[in-house]
Novice: 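Take a look at the following structure, please.
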There are 4 protein chains.
Amino acid sequence: VSDLLEPGQHRSDRLDDAALWLAMGRVEVSWMRALVAHGIAGPRHLLAVTDAVQGLALPDDASVEAAGNPAVALVDALRSGLDEEPAGLVHRGLTSQDVVDTALMLLAGSALDQIQGSLGAVEQALAALAVLHRDTVMAGRTLTQYAVPVTFGLKAAQWLEGVLDAHESLAATRAALPAQAGGAAGTLSLLSETTTHPLAVVDTFVADLGLAPAALPWHTRRTPITRLAAALCETTNALGVIAGNVSLLGRPELGEVREGAQAGRGGSSTMPHKRNPVLTVLVRSAALQAPHLLAELNTASALAVDERPDGAWHAEWPTLRRLLVLTVTTADQAAELVAGLDVDPDEMARRADRAADDLLAEAPRATGDPRQYVGQAGVFVDRVLARWDQTRG
Amino acid sequence: VSDLLEPGQHRSDRLDDAALWLAMGRVEVSWMRALVAHGIAGPRHLLAVTDAVQGLALPDDASVEAAGNPAVALVDALRSGLDEEPAGLVHRGLTSQDVVDTALMLLAGSALDQIQGSLGAVEQALAALAVLHRDTVMAGRTLTQYAVPVTFGLKAAQWLEGVLDAHESLAATRAALPAQAGGAAGTLSLLSETTTHPLAVVDTFVADLGLAPAALPWHTRRTPITRLAAALCETTNALGVIAGNVSLLGRPELGEVREGAQAGRGGSSTMPHKRNPVLTVLVRSAALQAPHLLAELNTASALAVDERPDGAWHAEWPTLRRLLVLTVTTADQAAELVAGLDVDPDEMARRADRAADDLLAEAPRATGDPRQYVGQAGVFVDRVLARWDQTRG
Amino acid sequence: VSDLLEPGQHRSDRLDDAALWLAMGRVEVSWMRALVAHGIAGPRHLLAVTDAVQGLALPDDASVEAAGNPAVALVDALRSGLDEEPAGLVHRGLTSQDVVDTALMLLAGSALDQIQGSLGAVEQALAALAVLHRDTVMAGRTLTQYAVPVTFGLKAAQWLEGVLDAHESLAATRAALPAQAGGAAGTLSLLSETTTHPLAVVDTFVADLGLAPAALPWHTRRTPITRLAAALCETTNALGVIAGNVSLLGRPELGEVREGAQAGRGGSSTMPHKRNPVLTVLVRSAALQAPHLLAELNTASALAVDERPDGAWHAEWPTLRRLLVLTVTTADQAAELVAGLDVDPDEMARRADRAADDLLAEAPRATGDPRQYVGQAGVFVDRVLARWDQTRG
Amino acid sequence: VSDLLEPGQHRSDRLDDAALWLAMGRVEVSWMRALVAHGIAGPRHLLAVTDAVQGLALPDDASVEAAGNPAVALVDALRSGLDEEPAGLVHRGLTSQDVVDTALMLLAGSALDQIQGSLGAVEQALAALAVLHRDTVMAGRTLTQYAVPVTFGLKAAQWLEGVLDAHESLAATRAALPAQAGGAAGTLSLLSETTTHPLAVVDTFVADLGLAPAALPWHTRRTPITRLAAALCETTNALGVIAGNVSLLGRPELGEVREGAQAGRGGSSTMPHKRNPVLTVLVRSAALQAPHLLAELNTASALAVDERPDGAWHAEWPTLRRLLVLTVTTADQAAELVAGLDVDPDEMARRADRAADDLLAEAPRATGDPRQYVGQAGVFVDRVLARWDQTRG
């Protein structure tokens with residue numbers, strides 16, 4: 001995770017190699033715990049693995065490449081510190097993909113929790129804006145030109161509705177993040193040799209991790225990945241729309257909604273007066289990146305073959321992590337951006353009045369007052385607020 | 001819609017310009033019917049519009065470009081044939097985007113119905129294969145090399161599970177396809193001037209079209225589009241996985257599952273003996289295209305600004321239609337492909353026996369018989385079949 | 001080619017199925033001409049094929065799908081009308097991919113010619129703007145906020161430089177568009193059986209078509225396709241930048257550069273006063289689509305396997321055509337857009353003066369006059385104009 | 001740069017934050033050197049800046065985000081350690097984008113050098129294979145099925161031709177990597193206040209960095225970025241084609257070309273006998289990722305507005321770096337892969353003989369020997385080898 005070229009990524013601190021390595025260790029511990037629970041291994045094996053996992057150093061780069069994935073290095077490292085018997089039970093019945101996929105789902109879970117927290121803050125701030133500006137008239141614009149009047153409350157409510165949509169998708173995805181446990185080719189072959197109730201072992205494993213059970217392994221059926229990606233991209237889309245609008249409305253010629261000032265932020269390397277809308281720009285930048293990551297994950301999904309594909313699975317890893325990091329970062333930046341927005345209702349009013357002829361051109365009888373021609377804006381605001389209220393339980 | 005470079009697109013015959021034009025006319029008729037239902041217009045206005053819509057020729061290209069969208073040409077054409085009063089009521093309260101978005105949702109609905117029909121056939125065929133080959137052993141392969149044994153029934157079940165996932169997403173999307181009715185800037189401004197119960201008019205309109213109501217206009221909140229696209233891409237992913245596997249398994253060196261022969265299909269322009277897996281290749285080709293269309297629609301979604309964006313909306317149209325056409329075509333081709341698959345269990349068995357040493361290398365005590373080392377394959381098949389059974393109601 | 005959802009595509013009239021079918025026929029005629037030139041066939045065979053090609057109806061959709069590409073249908077149609085001997089010589093030594101790839105290159109050539117013509121007009125208009133406004137001061141803007149002053153001439157020159165870059169790439173691509181002639185698996189096997197100088201036949205064929213020779217067949221080495229796509233996308237990028245800027249500068253709050261008014265264009269279906277920047281929006285919309293088409297063609301290129309791939313080749317066809325159509329249309333729209341731009345130097349001046357404090361904040365000693373702080377803007381304009389002048393020969 | 005999810009990225013060690021930070025420092029030093037060369041600053045200023053750059057710690061994450069890019073933090077850090085006069089001269093006349101863009105071009109230059117070195121090794125190995133197997137017959141395959149015979153030499157030559165194409169593009173891009181120097185809004189405004197020959201300063205700066213001069217700043221004209229990206233993607237495409245073919249040909253059922261064995265590589269976490277084609281899979285995985293990164297950079301390019309865009313520029317950074325890292329890693333892995341390929345000409349011959357009926361079905365008179373029906377394969381090999389020979393100068 002880099003911060004020079006991805007400013008703000010320190011906001012996403014649970015997705016780096018160290019976090020993944022920990023999660024992979026946790027997968028092996030949970031698996032051993034399940035083996036113990038079903039009498040395949042003994043408590044001392046669990047103790048041994050739990051100990052071994054503690055402070056396990058990251059593997060050297062060459063060994064990860066040599067195996068083509070990081071799970072082999074983990075298993076080797078765990079086994080090397082153990083006696084023969086517990087060593088033979090570590091990872092028994094699993095395959096590399098089980099460990100990597102499940103660890104990525106654990107990371108995704110953590111990321112989704114963080115994103116949902118940030119979205120909650122975004123929603124809170126947008127709801128407050130929608131309430132406060134329920135009747136704040138402003139120029140509506142279509143294809144860049146004046147249309148009929150709208151309210152800033154409606155605009156905030158539309159943004160909120162988009163965020164609620166994304167939040168809903170994220171929550172559904174979060175609840176469905178599955179563990180992966182299939183063994184070498186998705187049949188639980190070795191586990192089935194080891195015990196007469198292999199599916200119960202898997203159930204215990206899944207429950208221990210707090211992930212969702214999968215009816216069967218998904219080594220080559222990547223719906224969990226593409227749905228997760230779709231929910232993340234829905235999120236960056238919704239936040240990108242906010243940022244794109246703030247970027248426009250905060251231009252000096254419009255000046256209706258600006259990113260809030262904060263000491264030390266948005267300075268220029270050469271122009272002292274500058275107050276650049278930094279968060280706005282960064283959120284917008286994220287929204288330009290996410291769709292391509294989504295496409296990559298779908299391409300990979302479509303190319304899954306055999307019982308584990310020859311590259312399509314590997315192509316998912318950096319892309320999924322990048323999409324998670326990007327969305328965590330962006331959602332947190334967006335929360336700060338939206339909470340600090342400077343809204344100028346006077347400027348909105350002045351413009352609406354000046355542009356009244358255009359804004360009211362559609363009206364059967366020009367009332368002369370844009371405030372009187374906002375249709376159902378208020379009702380729509382109320383509907384969104386009601387939905388928001390419900391989602392908060 | 002072209003067939004020279006998109007072979008098989010004649011299977012998708014409800015998505016061309018004529019179909020869109022009809023759907024747009026239907027939107028205007030439904031709107032007028034809603035106006036009549038709420039006393040804003042009279043039955044003769046509805047009659048007039050219904051008449052005017054009949055056989056309305058496609059607009060000339062230049063007029064569509066001049067307006068930047070096809071709705072203006074439709075409204076002009078409808079109004080030109082009417083007296084002043086009904087002319088004034090046509091489209092009253094709507095905006096171009098209402099007509100185009102709603103018409104596209106009608107087309108999407110029709111496409112989704114067709115796709116779901118095709119997927120039903122795919123599922124039926126896959127379920128039959130899963131049942132028939134529940135215990136047909138074959139070599140499992142990971143990263144192209146032999147892993148442990150699997151069954152062809154499990155492979156078919158995995159394909160089926162992927163299709164069921166997609167079908168589930170399509171059904172949810174189908175049920176939620178919303179109509180669009182917001183007027184010039186999404187406030188229902190003009191309609192609100194025209195009647196005291198504008199939202200009731202919208203409800204009638206939506207019900208008449210058989211689409212889902214939207215809490216508020218979604219001119220710049222494109223979740224309905226991106227979710228639809230995600231479900232379509234999930235479909236091509238699932239079908240692409242089948243095609244990719246058939247492509248591999250049907251190589252002459254493997255010969256385990258081949259696209260079925262059909263007179264006149266798969267010939268070569270130069271080699272008389274050739275039997276090319278045409279449907280396989282076309283389905284796979286579609287799966288390579290869809291993710292990029294999905295990305296485009298998400299990019300467009302993220303760039304929505306103002307009350308109607310300056311290009312992002314327009315960028316959706318051809319891409320969404322192309323994705324619909326592609327998925328309708330592909331699903332229908334896939335249904336034919338899967339129904340006609342030539343499965344060779346003997347070849348599978350021969351290979352599994354020859355490769356038994358590799359396939360059983362993992363097993364604690366080599367049984368010597370790959371059939372005895374398929375773990376939970378049968379249980380997994382049964383789980384998928386149970387899901388399939390449930391979805392059929 | 002549709003115009004309802006892709007407004008303006010009638011500007012691109014040489015890329016539809018009929019044009020492709022003609023080009024495919026032309027490929028077969030050129031091939032026969034080459035066979036005749038080298039004594040493999042006789043003049044009457046050429047006459048027979050030339051006759052057969054005339055007015056050959058488009059094939060039925062099912063036959064195209066059955067073969068998986070349109071070349072088989074063409075060859076069948078040509079042969080069916082001929083006696084056995086000329087029939088046997090038609091297409092002799094070629095393969096389907098030779099015909100389709102070469103025909104697509106012919107279409108691409110025609111499209112590139114049209115695009116280059118349009119870009120010439122864009123350049124002419126931009127050069128005129130750069131000259132006229134070489135010293136027209138306006139506010140510079142970075143990250144949406146006022147930076148130092150620039151000139152509109154420099155802005156036009158930057159746009160021009162981008163178009164010249166793209167034009168340069170297009171010209172290089174145009175000159176290098178290769179014919180394809182490799183036979184069944186890229187070895188010219190059958191042709192080599194037929195004549196002792198097969199490569200001379202290919203040379204004659206290529207020269208007759210006016211395409212570039214390829215050192216060897218490129219059935220699975222798709223650099224010609226991806227380079228073509230890159231040049232097309234470079235074009236839409238450059239035009240998209242112009243449109244994006246015009247879209248911003250033409251907002252009513254800025255009003256510095258607007259899309260020119262034209263009777264009947266940019267009307268709204270509900271607001272009579274509206275003058276929507278239709279061409280601007282359509283050009284921008286194209287620029288949002290092209291990168292995804294470029295990605296698809298690169299994905300397909302990366303997935304080429306064997307001597308002809310199992311889907312990756314097919315995935316190119318609709319995408320390449322779509323990218324060609326899009327770029328032809330967009331370049332022509334852009335030519336009209338740029339030629340008709342309404343530039344308001346007074347508004348630029350007023351804004352620059354009003355914003356002088358910000359625009360001059362960087363300057364060591366505020367001159368008070370933005371006109372005096374435009375650095376090397378004039379020199380940069382001259383450099384671009386000099387390049388433009390050179391390219392016109 | 002992570003290695004757990006991007007195995008092998010330690011092969012790319014010059015593109016991380018530390019390298020970028022160094023490159024940014026180098027840009028500031030070169031700029032000061034140019035100021036000194038033209039009498040704007042004195043040698044002691046250069047000394048001071050050179051000293052200040054040494055061992056400058058990476059900035060804290062929050063300050064990078066606060067500025068929205070890493071250049072402000074660099075300038076602040078440099079200035080803070082200097083007296084007022086040299087501090088005022090550091091970065092004088094530049095803008096953040098000048099520093100970041102130029103530093104990225106320096107990194108790109110280093111990456112391209114490394115990639116070209118790797119490609120040289122790939123070419124050497126492929127050329128050797130093409131020579132050695134010039135007449136090694138094997139089955140040609142189209143659409144997965146047997147076509148006519150080819151030679152493995154031709155296959156290697158085709159791969160080589162693709163790599164040579166990419167190498168050619170990389171070399172052209174390398175030679176044209178431009179420095180960026182435009183000042184706040186691309187006019188060199190402040191520099192023009194500081195000296196009467198600002199363009200000479202820029203020339204000295206560019207020459208000192210060993211980059212190419214740009215006729216004018218390219219802050220919003222991103223051809224250098226998109227062309228670089230296209231060349232990188234052309235590279236991963238060419239390498240992906242090799243890997244895709246090796247993946248197929250190395251399947252146990254084909255066994256004609258396998259990734260070479262290497263102790264400790266390709267092991268499985270559960271199956272001891274496994275020898276997974278790790279490099280093959282990783283190269284293929286990279287080829288699936290690159291097109292999406294290319295698309296992102298083109299999207300960003302198309303969205304450049306004003307004198308510095310509101311997010312499109314920022315969206316380039318992580319994507320360009322990722323594409324560079326990916327290509328460096330992949331090219332190096334590919335060099336190792338290709339150099340170590342196990343080619344089995346006997347297996348090729350056996351298959352060709354067994355499949356002779358199919359492979360010779362096209363031939364006018366079946367010779368019965370596939371070796372006698374390879375057409376111009378040898379000539380094509382020779383052509384590619386001649387090109388390769390030439391490129392080595």
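Order of the sequence lines fixes the chain letters, A, B, ..., with proteins taken first and strands second; residue numbering starts at 1 for each chain. Basis for what follows: all heavy atoms, side chains included, without hydrogens, waters or symmetry-related copies.
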Novice: One thing to verify: whether Arg322(C) and Glu6(C) come together as a salt bridge, which I'm taking to mean a side-chain N less than 4.0 angstrom from a carboxylate O.
Specialist: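 A salt bridge is present here (some side-chain N lies under 4.0 Å from a carboxylate O).
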Novice: Run the numbers on Trp159(C) and Val246(C) for side chain to side chain contact (heavy atoms under 4.5 Å, CB included), then give the verdict.
Specialist: CA-CA 11 Å; Trp159(C) 299 346; Val246(C) 170; 4.2 Å; yes
Novice: After noting the C-alpha distance and the side-chain angles of Arg371(A) and Asp353(A), does the key distance pass the salt bridge (charged side-chain N to carboxylate O under 4.0 Å, His left out) rule?
Specialist: CA-CA 9 Å; Arg371(A) 281 152 206 80; Asp353(A) 286 334; 3.1 Å; yes
Novice: Can you check whether Asp346(A)'s main-chain N or O pairs, donor with acceptor, with Asp344(A)'s side chain at less than 3.5 Å?
Specialist: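 Yes; at least one donor-acceptor contact below 3.5 Å.
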Novice: Is Arg275(A) close to chain C through its backbone or its side chain, or both, or neither, when contacts mean heavy atoms under 4.5 Å?
Specialist: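 The answer is the backbone of Arg275(A).
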Novice: Flag the pair Leu228(A) / Leu320(A) as yes when at least one side-chain heavy-atom distance between them is below 4.5 Å, and no otherwise.
Specialist: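 Result yes, sub-4.5 Å side-chain heavy-atom pair found.
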Novice: Residues of residues 281-306 of chain A under 4.5 Å from chain C (heavy atom pairs)?
Specialist: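 Interface residues of residues 281-306 of chain A: Val281(A), His292(A), Thr299(A), Leu303(A).
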Novice: Among residues 332-342 of chain A, which residues come closer than 4.5 Å to chain C, judged by heavy atom distances?
Specialist: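 No residue falls under the 4.5 Å cut-off.
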Novice: Between Asn276(A) and Arg265(A), is there a side-chain heavy-atom distance shorter than 4.5 Å?
Specialist: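 Side chain of Arg265(A) against side chain of Asn276(A), heavy atoms only: no contact under 4.5 Å found.
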Novice: Going through the checks in order, is the side chain to side chain contact (heavy atoms under 4.5 Å, CB included) test met by Gln158(A) and Phe380(A)?
Specialist: CA-CA 9 Å; Gln158(A) 284 281 16; Phe380(A) 291 150; over 6 Å; no
Novice: Let's go through Leu254(C) and Leu254(A) carefully: what are the C-alpha distance in whole Å and the side-chain angles of both, what is the deciding distance for side chain to side chain contact (heavy atoms under 4.5 Å, CB included) to 0.1 Å, and is it a yes or a no?
Specialist: CA-CA 8 Å; Leu254(C) 285 86; Leu254(A) 286 86; 4.1 Å; yes
Novice: Determine the interplanar angle of the Trp313(A) and Trp317(A) rings, folded into 0 to 90°, and report it as parallel if under 30°, tilted if 30 to 60°, perpendicular if over 60°.
Specialist: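 It falls in the perpendicular class, over 60°.
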Novice: Of the listed residues (Arg351(C), Arg251(C), Arg141(C)), which shares the most heavy-atom pairs with chain A below a 4.5 Å separation?
Specialist: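 Winner by heavy-atom pair count: Arg251(C).
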Novice: Where do Thr280(A) and Glu259(A) land on the side chain to side chain contact (heavy atoms under 4.5 Å, CB included) test, with the steps shown first?
Specialist: CA-CA 7 Å; Thr280(A) 305; Glu259(A) 178 171 333; 2.6 Å; yes
